[in-house]
Visitor: 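Take a look at this one; I'll ask things after.
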Amino acid sequence: MSKKPGTFKGTRDFLPETMVKRNYIFDTIKTVFRKYGFLPIETPSVEKRETLMGKYGEEGDRLIFRVLNSGDKLKKADQDALNNNELPKFANSISDQALRYDLTVPFARFVVQHQNDLDFPFKRYQIQPVWRADRPQKGRYREFYQCDADVVGSDALIYEVELIQIFDEVLTNLGLPDFSIKINNRKILSGIAEVCGESDKLVPITVAIDKLDKIGKDGVIKELIERGVSNDAIEKIDPLFQLSGTNTEKLDLLKSYLADSEIGLKGVEELEWVFNQVETLGLKQAKLELEVTLARGLNYYTGAIFEVSANNVQIGSICGGGRYDDLTALFGLSGLSGVGISFGADRIYDVMTELDLFPSSVTNTTTYLFINFGTEEQIYSMQIAAGLRRLDIPCEIYPEPKAMKKQMKYANNRHIPFVVLVGSDELKNGTVTLKNMVTGEQETLTKEDFLNKHK
RNA sequence: GUGGUUGUAGCUCAGUUGGUUAGAGCGCCUGGUUGUGGUUCAGGAGGUCGUGGGUUCGAUUCCCAUCUUCCACCCCA
């Protein structure tokens with residue numbers, strides 16, 4: 001124990017048993033992404049510092065892992081800044097690059113950089129790890145995977161509808177029994193701030209009301225006061241806390257509440273259209289809920305915002321997303337609207353583990369193990385195994401004629417569902433004996449019949 | 001970034017009010033069973049009690065630091 005090596009705080013190794021389950025999640029997500037016409041890309045783990053910094057708000061910047069300069073570049077260290085305790089400035093002087101914090105901002109950079117090689121609207125999916133210098137907790141890691149699908153170059157609401165369908169389809173295919181897609185629109189939040197006469201306090205207002213389900217109405221009001229929102233405005237926000245009923249009822253209420261706000265009404269209209277289309281098309285499992293208090297922290301969202309949570313599991317949201325009207329403008333290309341979603345694969349894994357949702361077939365990586373009885377039997381087994389592999393059946397041969405107990409145990413621990421016994425009798429008769437490791441049943445059949453079973 | 005918490009065998013955890021050889025269950029290995037795993041029985045291996053320093057005749061136990069775990073806040077997937 002004492003001298004055992006370990007991984008860096010908040011990061012993990014994945015053993016084969018875990019990896020096959022993770023791959024099952026990734027594969028399910030990819031399959032659905034492709035079905036909706038998204039194309040794969042990858043971007044580097046490390047980006048220039050200026051690409052990332054300032055895109056996620058002050059809080060986000062703090063959580064970006066910086067990468068130290070090397071060699072002579074270290075001599076640029078701003079020692080005055082260090083002596084004056086200006087740590088961020090000092091950090092900038094010795095670090096010109098950083099690990100990516102999410103996949104969306106690097107994607108915006110990617111779009112601007114390769115704009116002449118892309119067909120718009122450009123739909124891409126990307127499954128890669130991201131890093132955050134956060135304090136780890138359960139369901140919260142320093143290195144984790146995001147599975148993003150984004151469309152850039154169209155403000156058509158059809159994409160909001162399709163992204164909701166993707167959430168629904170992926171999570172249904174993974175077998176999640178109960179989950180909610182919460183949706184809101186930043187324009188509605190802007191409208192609320194406008195109606196309250198506090199347009200300049202949009203961010204503090206959204207951050208505060210986002211916490212309604214966590215700290216309750218009184219907590220939100222307290223926070224609004226702390227953030228300098230006037231009492232008049234708080235009174236005007238108050239009715240929103242009582243907003244209840246069906247999505248249609250909520251929309252109707254919002255229409256009258258936001259009657260004086262052009263942008264607010266635009267948001268309501270957009271949401272209404274999305275709801276209508278989703279209703280017509282139908283969802284498999286998801287509950288789609290309008291949640292006026294949903295705000296999400298990332299500042300770059302401007303239209304629809306999404307968040308998905310698994311019900312009956314104590315973990316944060318498992319997916320997120322939204323529309324950002326001008327993210328590429330930060331890199332010099334304006335007029336491109338984008339909308340995208342992200343699956344938090346690590347949290348989905350945790351939820352599926354807690355609810356025991358992985359089908360047992362996922363861990364059956366090898367179908368047959370050939371028991372090794374000796375040299376001649378092994379050669380005979382290798383021929384049959386080659387036949388199976390030509391039929392794409394995964395199988396393996398135990399490498400040495402060790403005690404059968406040991407070989408059986410190996411099959412058992414590896415969750416291999418069938419064992420093939422080829423001893424001297426089988427060799428002589430041109431047969432194999434098949435043992436089902438779950439039921440314990442055995443049957444003997446000719447090797448031709450065995451192979452033909454799989455055609 | 002703030003406050004707290006955790007660390008003893010591969011895993012889950014007892015225990016030591018500071019004192020000769022630190023325990024259990026599960027797992028692992030060997031054998032009962034030289035063509036049968038998952039059940040059962042018998043035996044066995046495995047720990048400088050997270051790491052570094054301090055106090056002490058003596059520290060796994062007390063103190064400090066550090067790393068790690070988990071939790072609340074912040075924020076978020």
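All heavy atoms count here, side chains included; hydrogens, waters and symmetry mates do not. Since the structure is predicted, the reported quantities are computational estimates derived from the model, not experimental observations.
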Visitor: Distance between the C1' atoms of B:A65 and B:G19, in whole angstroms?
Guide: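 The same atom, C1', in both gives a distance of 27 Å.
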Visitor: When rounded to the nearest Å, what value does the distance between C1' atoms of B:U17 and B:A59 take?
Guide: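 My reading of the C1' atoms in B:U17 and B:A59 gives 14 Å.
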Visitor: Give the rounded distance in Å between these two atoms: CG of A:L63 and P of B:A77.
Guide: 11 Å
Visitor: Would you check if the side chain of A:D168 reaches a backbone N or O of A:I164 as a donor-acceptor pair within less than 3.5 Å?
Guide: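 No, because the side chain of A:D168 does not come within donor-acceptor range (under 3.5 Å) of the backbone of A:I164.
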Visitor: Would you call the rings of A:Y349 and A:F358 parallel, tilted or perpendicular, where under 30° means parallel and over 60° means perpendicular?
Guide: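 Correct class here is tilted.
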Visitor: Picking from B:U2, B:G35, B:C28, which would you name as closest to the side chain of A:R135?
Guide: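 Within the option list, the nearest is B:U2.
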Visitor: Run the salt-bridge test on A:D96 and A:K48 with the 4.0 Å N-O cut-off and return the result as yes or no.
Guide: no
Visitor: Just call it for A:V130: base, sugar-phosphate, or nothing, with non-hydrogen atoms closer than 4.0 Å on any strand.
Guide: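 Since no nucleic acid heavy atom lies under 4.0 Å of A:V130, the category is nothing.
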Visitor: When the nearest nucleotide of RNA chain B is assigned to A:M408 and to A:S317 on a heavy-atom basis, which residue is associated with the more 5' position?
Guide: A:M408
Visitor: A:Y56 has an atom OH; how far is it from atom C1' of B:C74, in whole Å?
Guide: 19 Å
Visitor: How far, in whole Å, is B:G18 from B:C64 if one measures between their P atoms?
Guide: 16 Å
Visitor: Please report the shortest heavy-atom distance between A:L294 and A:L189, naming the atom on each side.
Guide: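 Looks like O-CD1, 3.7 Å.
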Visitor: Taking for each residue the nucleotide of RNA chain B bearing the nearest heavy atom, is the 5' side occupied by A:A133 or by A:K138?
Guide: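 On the 5' side of the pair lies A:A133.
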Visitor: Salt bridge or not between A:K287 and A:E289? Use side-chain N to carboxylate O under 4.0 Å.
Guide: no
Visitor: Starting the side chain at C-beta, find the nucleotide from B:G35, B:C76, B:C75 nearest to A:R132.
Guide: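 In terms of side-chain proximity for A:R132, the closest of B:G35, B:C76, B:C75 is B:C76.
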Visitor: Tell me what A:F343 touches on the nucleic acid: a base, only sugar-phosphate, or nothing, going by heavy atoms under 4.0 Å.
Guide: nothing
Visitor: Decide yes or no for A:M408 and A:M437: does some side-chain heavy atom of the first lie under 4.5 Å from some side-chain heavy atom of the second?
Guide: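 Answer yes - side chains close enough.
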Visitor: When the P atoms of B:C73 and B:C41 are considered, how many whole Å apart are they?
Guide: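 Nearest-Å result for B:C73 against B:C41 at atom P: 48 Å.
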Visitor: What's the closest nucleotide to the side chain of A:Q137 if the choices are B:C28, B:C75, B:C73?
Guide: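 Nearest to the side chain of A:Q137 among the choices is B:C73.
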Visitor: Heavy atoms under 4.0 Å, any strand shown: does A:G440 hit a base, just sugar-phosphate, or nothing?
Guide: base
Visitor: Rounding to an integer number of Å, can you tell me how far A:D134 CG sits from B:C76 P?
Guide: 10 Å
Visitor: Heavy atoms under 4.0 Å, any strand shown: does A:E426 hit a base, just sugar-phosphate, or nothing?
Guide: base
Visitor: Round to a whole Å and report the spacing from CH2 of A:W131 to C1' of B:C76.
Guide: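 Taking atom C1' of B:C76 as the reference, CH2 of A:W131 is at 17 Å.
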Visitor: List, with names and distances, any nitrogen or oxygen atoms from the protein found under 3.5 Å away from nitrogen or oxygen atoms belonging to nucleotides 30-34 of chain B.
Guide:
none

Visitor: For a 4.5 angstrom cut-off between non-hydrogen side-chain atoms, does A:I393 reach A:K453?
Guide: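 Side-chain contact under 4.5 Å: no.
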Visitor: Picking from B:C76, B:U2, B:G35, which would you name as closest to the side chain of A:R347?
Guide: B:C76
Visitor: What integer distance in Å separates A:L294:CG from B:C76:P?
Guide: 11 Å
Visitor: Angle between ring planes, A:F110 versus A:H114, binned at 30° and 60°: parallel, tilted or perpendicular?
Guide: tilted
Visitor: Could you give me the stems involving RNA chain B, meaning stretches of three or more consecutive Watson-Crick or G-U wobble pairs whose two defining distances are both below 3.5 Å?
Guide: B:1-4 with B:70-73, B:10-13 with B:23-26, B:28-32 with B:40-44, B:50-54 with B:62-66
Visitor: What distance, rounded to whole Å, do you find between the two C1' atoms, one in B:C28 and one in B:G10?
Guide: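 Roughly 8 Å separates the two C1' atoms.
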Visitor: Could you give the distance separating B:G46 and B:U8 at their C1' atoms, to the nearest angstrom?
Guide: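 About 14 Å, rounded to a whole number of Å.
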Visitor: Of all the nucleotides listed (B:C29, B:G35, B:C75), which has the minimum atom distance to the side chain of A:K409?
Guide: B:C29
Visitor: Name the orientation class of the two ring planes belonging to A:F370 and A:F450 (parallel below 30°, tilted from 30 to 60°, perpendicular beyond 60°).
Guide: perpendicular
Visitor: Using the side-chain contact (heavy atoms from CB on, under 4.5 Å) definition, which of the options A:Y300, A:Y301, A:Y56 pairs with A:T104?
Guide: A:Y300
Visitor: Contact class for A:G139 vs. all strands (heavy atom < 4.0 Å): base, sugar-phosphate, or nothing?
Guide: base
Visitor: I need the CG-C1' distance between A:D61 and B:C76, as an integer number of Å.
Guide: 15 Å
Visitor: Remember a base hit wins even if backbone is also touched, and classify A:S342 as base, sugar-phosphate or nothing at under 4.0 Å, heavy atoms.
Guide: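 Nothing, no heavy atom under 4.0 Å.
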Visitor: Would you please classify the geometry between the A:Y410 ring and the A:Y398 ring as parallel, tilted or perpendicular, with 30° and 60° separating the classes?
Guide: perpendicular
Visitor: For nucleotides B:G27 and B:A22, find the distance between their P atoms and express it as a whole number of Å.
Guide: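 Each nucleotide's P atom is 25 Å from the other's.
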Visitor: Can you tell me the distance, in whole Å, between the CG atom of A:L369 and the P atom of B:U36?
Guide: 16 Å
Visitor: Does B:U36 have its OP1 or OP2 closer than 4.0 Å to a side-chain nitrogen or oxygen of A:Q407?
Guide: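 False: A:Q407 side-chain N/O out of range (4.0 Å or more) of B:U36 OP1/OP2.
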Visitor: How is A:L421 classified with respect to the nucleic acid when contacts are heavy atoms under 4.0 Å: base, sugar-phosphate, or nothing?
Guide: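 Base: the residue A:L421, judged by heavy atoms under 4.0 Å, touches a nucleobase.
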Visitor: Is any side-chain nitrogen or oxygen of A:K211 closer than 4.0 Å to OP1 or OP2 of B:C74?
Guide: yes
Visitor: Within this structure, what is the CD-to-P distance between A:E441 and B:G38, rounded to whole angstrom?
Guide: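 Rounded to whole Å, this separation is 19 Å.
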Visitor: Would you give a per-nucleotide map of nucleotides 64-69 of chain B, 5' to 3', where B means the base has a protein non-hydrogen atom under 4.0 Å away, S means only the sugar-phosphate does, and - means neither?
Guide: ----SS
Visitor: Tell me whether the rings of A:Y145 and A:F26 are parallel (<30°), tilted (30 to 60°) or perpendicular (>60°).
Guide: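 Ring orientation, 0 to 90° scale: tilted.
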Visitor: Is NZ or CZ of A:R22 both nearer than 6.0 Å to the six-membered ring centre of A:F14 and within 45° of the ring axis?
Guide: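 Yes, A:R22 and A:F14 form such a contact.
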Visitor: Considering only B:G35, B:A77, B:C75, which nucleotide approaches the side chain of A:E59 most closely?
Guide: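 Taking heavy atoms from C-beta onward, the closest nucleotide is B:C75.
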Visitor: Tell me if a side-chain donor or acceptor on A:D346 pairs with a main-chain N or O of A:G139 at a distance below 3.5 Å.
Guide: no
